[in-house]
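Everything on this sheet refers to the single structure shown next.
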Amino acid sequence: MIEILSPSQLPRAREAGALVAEILQTMKSRTTVGTNLLEINRWTEKMILDAGAESCYVDYEPSFGRGPFGHYICTAVNDAVLHGKPHDYTLADGDLLTLDLAVKVRGLAADAAISFIVGESRPAESVALIETTERALAAGIAVAGPGARIGDISHAIGTVLSAAGYPINVEFGGHGIGSTMHQDPHVANTGKPGRGYKVRPGLLLALEPWIMQDTAKLVTDADGWTLRSATGCRTAHTEHTIAITDDGAEILTLPR
């Protein structure tokens, strides 16, 4: 299903996006060496419930996961990149952490992810991974205006990722979003320009470049959810929800 919002619905999407951005930035500021992933999940749960919002994750049970996700935020560390299930792990200096969050406010969802390094260490390879996903996301957003095709967005993202030398996996990527978290169209992290669905005002897209340092192959963790790099290399993931408007793309999950 491809859902197009009316102008009167967009304020609710903005509310959802603002809440996602606020929670992610709060979690980043609270996360230090010694923070446990389960603490991050508890803090996120409280912020969602205090806001009167709804988690998109707790009861989420897609074909690629094993049972309901059962947590409020995805926490992926180092070689984990997607769908990281919070567990009893205490973060160490230099860990690369990705937080991925989707919530629904008054019936509309927003989805975003941030990657950052915990503590004082700044491993150059980890910094490069994160910065590359951020640049790729910016490139995708820059071309996502009315009349652009999904292939244009995918191509812009993939060009940045490829130029930096990273393999690209197309099993998981960006997606439409609205009254449900995952909708059509699928937005792969590489593609051919001029191909695919032509975007138009009212469409919400969650764009999410993610990369693994030296492989495009994923393996599923024993928890049935967390996806890791097959070689154990480090990974990064950055995501924003955008609204296509008459003037281009409005980022709904930008920190304020």
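Remark: A80 pairs with A76, T226, R228 by the side chain to side chain contact (heavy atoms under 4.5 Å, CB included) rule, at least two apart or across chains. Qualifying ring-ring contact (aromatic ring centres under 6.0 Å, His included) partners for H175, counting only residues two or more places apart in sequence or in other chains: H182. Taking H240 as the reference, nothing meets the ring-ring contact (aromatic ring centres under 6.0 Å, His included) condition, with sequence neighbours excluded.
The hydrophobic cluster containing V103 does not contain Y60, counting ILVMFWY residues as joined when their side-chain heavy atoms lie under 4.5 angstrom apart, directly or transitively.
The local environment of CG in D50 is crowded, with over 12 non-hydrogen atoms from other residues, nucleotides or ligands closer than 6.0 Å.
Looking only at distances, a side-chain donor or acceptor of S154 sits under 3.5 Å from a matching main-chain atom of A188. Judged purely by atom type and a 3.5 angstrom limit, T235 uses its side chain to pair as donor or acceptor with the backbone of N78.
Using modelled atom types and a 3.5 Å distance limit, the side chains of S121 and D93 yield a donor-acceptor pair. Of the N and O atoms on the side chains of D95 and Y89, at least one donor lies less than 3.5 Å from an acceptor on the other residue.
With a 4.5 Å cut-off on side-chain heavy atoms, L10 and R14 count as touching. Side-chain contact check for W210 versus T133: every heavy-atom pair is 4.5 Å or farther apart. Between T35 and I40, the closest side-chain pair of non-hydrogen atoms falls below 4.5 Å. With a 4.5 Å cut-off on side-chain heavy atoms, F172 and H83 count as touching.
Ring centers of F69 and Y57: under 6.0 Å apart, within the cut-off.
Salt bridge present: E15 and R106 bring a charged side-chain N and a carboxylate O closer than 4.0 Å.
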